[in-house]
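Just so it is clear, the model here is predicted, and its values are computed rather than measured.
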Amino acid sequence: MAIKVLHHGLATTVQDLGRPGYFHLGIPLGGAMDRYAMRAANLLVGNDEGAAGLEAVFMGPKLEFEDDALVAVTGADMPVNIDGVAQPGWTALRIRAGQVLSFDFLKSGARICIAVSGGIDVPVALGSRSTYAIGALGGYKGRPIAAGDELPVGKGTVANEGKSVDKALRRKPGTPAELRVLPGLYWDRLTDEAKQNFFADTWKVAPEADRMGYRFRGGRKLDFVDRKQPFGAGSDPSNIVDSCYPYGSIQVPGGTEPIVLHRDAVSGGGYFMVGTVISADMDLIGQLQPHTPARFIEVNMEQALAARQDRAGLLNRLRQAVR
Amino acid sequence: MPARYTFGGDEHLFVECSDEMSLEAFFKSLSMSTGVRESRINGVTEICPANASFQIKFNPDIIKPEDILKEVMAIEGAAEKAEPVIRTRIVEIPVFYNDPWTHETLMRFRERHQQPAGTDLDYAAKVNGYGAVDDFISAHAGSPWFVSMVGFVAGLPFMYQMVERQRQIEVPKYLRPRTDTPRLTVGHGGCFGCIYSVRGAGGYQMFGITPMPIFDPAQTTSYLRDFMVFFRPGDIVKFKPIDRDGYGKAVEEVDKGTFSPPIREVSFDLREFQKDIDGYNAKLEGMLYGH
């Protein structure tokens, strides 16, 4: 069984839950930006949560199915069609051999996850099928899919047809989006006023927002505490001796535009970081479009761990609901 | 100096051994991150050593942040008592300095450079007090370098030259990063050298190019069949200047699968090194070339 790509959309990649274990060599975790949505899509079509699906940003692909299968589309709100007939999102849909899955314009959110019963069966590279395009690793030939590609699909079942995920179990960013942040790392490089402004200001997602990182602008410039730059750190006050970058860490080159590193993060570099978006809110970033207003909300470790528990609870309810 | 501990969200512990770069800080971070790996703490999922710091990714559902903090702080005590000696390998990397490919690229991005009238090598030679580019190249290739971090993108080594601080090459990065850098460019930014493992954006000054692939996801390169990434933190690198013919010949060997970089296992003792840097480096080079 295979899926023929008739149109690739904008940037559509094979993703699963990622490739842990190689960040110390510069190879990032990767995997779906909105992991919850990818898990939901896989559960709907009866796959393991970690099966590979497609992640499409802003624009959906056009796919022709060679055989019968179940498909589910989760994440962003983007109308789904089978042979031009509207279908519900977050639902296990039966698609027949020869039928075409396509999409209308994005209504809200940024990324859809498309799961197919059996999963996209590209070769596993370093433990994952996720596409790491910079390194030409994983996915379909190490790159986003293109018209004419034939995506291999594993063997699945169609037992779940018609199942759907209740609206209460779908998660979307608010307006403005609120991203909870644990201050830390090089936070104390900032003046007290800059620390307050960082959390007080409303920022906007910049057009430079992709799987590697999301840039924000529109807040006040952050000022630094004076110091003599340490040897090897570079001359700008926002420079540090090149260090590792945590996933979700927020660097602010020159003190002007915060960048939150995401699934395809560079693993290190020479910019100071003010803190880290907590694990519970990373999925939300994957659903932000450029120009979306966003605020950073200060939390402590206890609150970060409580939010993580909430997320785990939501995932458990999803598993029970779809099973 | 005691390390500084800070959390990167609820999944990372970040340990800064020193805010400035030195071989001592690098050794401490390497020794502590090795200590963390060997202690196999339940819940630790990844350990990333960097130049003068390191990062641990952990699963807070398995180990509480305060508990991992305690465990790692205990390892700091042990690491400080450990002998600063590592078993590692020294490898020769051929470099075609002043090559046409990085030259073409640097000319395209001249308006982003501090000194648009010259080349990156001209600029680096000048700011480091070398009268001629050839003298600068001799200094760059004259002493070995430690791979102090692997990362940024897949398999890219950051390198720190094994000389006294006053002889360290320091060059500012481009004023604005380039959108293109040839694959396998040998570059330098701040006090760090690097080799770009893949083609892409970059802000380091470009000095030359090596014919030797260091990242190969297809694993067809003869010496990358076991693993796609060549470098590991702690590797010692000695650059060898080659000319255009030497470059062409090496590329041909890489394509035929017969290229094999000279590599020797060595032991490195930081205290012995500090007693006589040039003498120690000469001994390392002797081991590399077997004389």
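A:S249 does not touch chain B: none of its heavy atoms, backbone or side chain, sits under 4.5 Å away. With a threshold of 4.5 angstrom between heavy atoms, B:F158 approaches chain A through side-chain atoms but not through N, CA, C or O. For B:F192, the part lying near chain A is the side chain, with the backbone staying farther off; criterion is any non-hydrogen pair under 4.5 Å. Proximity to chain A (any heavy atom under 4.5 Å) is shown, for B:F152, by both the backbone and the side chain. B:V153 touches chain A through backbone and side chain together, each having a heavy atom under 4.5 Å away. Only the side chain of A:Y132 comes within contact range of chain B, judged by heavy atoms closer than 4.5 Å. Of the two parts of A:M273, only the side chain, counted from C-beta on, holds a non-hydrogen atom closer than 4.5 Å to a non-hydrogen atom of chain B. In this structure, chain B has heavy atoms under 4.5 Å from both the backbone and the side chain of A:I278. No part of A:I250 comes within reach of chain B, as not one of its non-hydrogen atoms sits under 4.5 angstrom from that chain. Heavy atoms of B:F227 lying under 4.5 Å from chain A belong exclusively to its side chain.
Ionic pairing of A:R171 and A:D283 is not present here: no N-O contact between side-chain nitrogen and carboxylate oxygen is shorter than 4.0 angstrom. A salt bridge is defined here as a Lys NZ or Arg NE, NH1 or NH2 lying under 4.0 Å from an Asp or Glu carboxylate O, and A:R143 with A:D149 meets this definition. The pair A:E298-A:K195 does not count as a salt bridge, with every side-chain nitrogen at least 4.0 angstrom from each carboxylate oxygen. The pair A:R215-A:E257 meets the salt-bridge criterion, with a side-chain N (NZ, NE, NH1 or NH2) lying under 4.0 Å from an Asp/Glu carboxylate O. Salt-bridge formation is detected for the pair A:R129/A:D121: a Lys NZ or Arg NE/NH1/NH2 atom is positioned less than 4.0 Å from an Asp or Glu carboxylate oxygen.
Among B:I63, B:I68, B:V72, B:L13, the one residue that satisfies the side chain to side chain contact (heavy atoms under 4.5 Å, CB included) test with B:V44 is B:I68.
In summary, the aromatic rings of A:F216 and A:F296 are positioned with their centroids under 6.0 Å apart. Between B:F207 and B:H140, the gap from one ring centroid to the other is short of 6.0 Å. B:F27 and B:F146 have their aromatic ring centers within a separation under 6.0 angstrom. Annotation: B:F26 is not in aromatic contact with B:Y160 [ring centroid separation under 6.0 Å not met]. B:H113 has its ring centre less than 6.0 Å from the ring centre of B:Y123.
Chain A forms more heavy-atom pairs under 4.5 Å with one residue of B:R165, B:E16, B:E11, B:R4 than with any other, namely B:R165. The candidate with the highest count of non-hydrogen atom pairs below 4.5 Å against chain B, out of A:R180, A:M212, A:R308, A:Q229, is A:R308. For chain A, the option among B:E170, B:R232, B:K64, B:K57 with the highest count of heavy-atom pairs below 4.5 Å is B:E170. Taking chain B as the reference chain and counting heavy-atom pairs below 4.5 Å, the highest number among A:W187, A:Y245, A:Y186 is found for A:Y186. Contact count versus chain A (heavy atoms, under 4.5 Å) is highest, among B:M21, B:E46, B:E66, for B:E46. Of the listed residues (B:A25, B:G151, B:S18, B:A154), the greatest number of heavy-atom pairs within a distance under 4.5 Å of chain A belongs to B:A154. Interface summary for chain A: among B:G8, B:C191, B:A50, the most heavy-atom pairs under 4.5 angstrom belong to B:G8. Between chain B and the options A:N239, A:L137, A:D242, the largest number of non-hydrogen pairs under 4.5 Å is found for A:D242. No other option in A:G232, A:G184, A:S243, A:C244 has as many heavy-atom pairs under 4.5 Å with chain B as A:C244. With respect to chain A, the highest number of heavy-atom pairs below 4.5 Å among B:P65, B:G190, B:S53 belongs to B:P65. Top candidate by heavy-atom pairs under 4.5 Å with chain B, chosen from A:V266, A:V241, A:L25, A:T276, is A:L25.
Between atom OG of residue A:S267 and atom CD1 of residue A:I27 there is a gap of 9.5 Å, rounded to the nearest 0.5 Å.
In this structure, B:R225 forms no cation-pi arrangement with B:Y223, as its terminal cationic atom is not both closer than 6.0 Å to the ring centre and no more than 45° off the ring axis.
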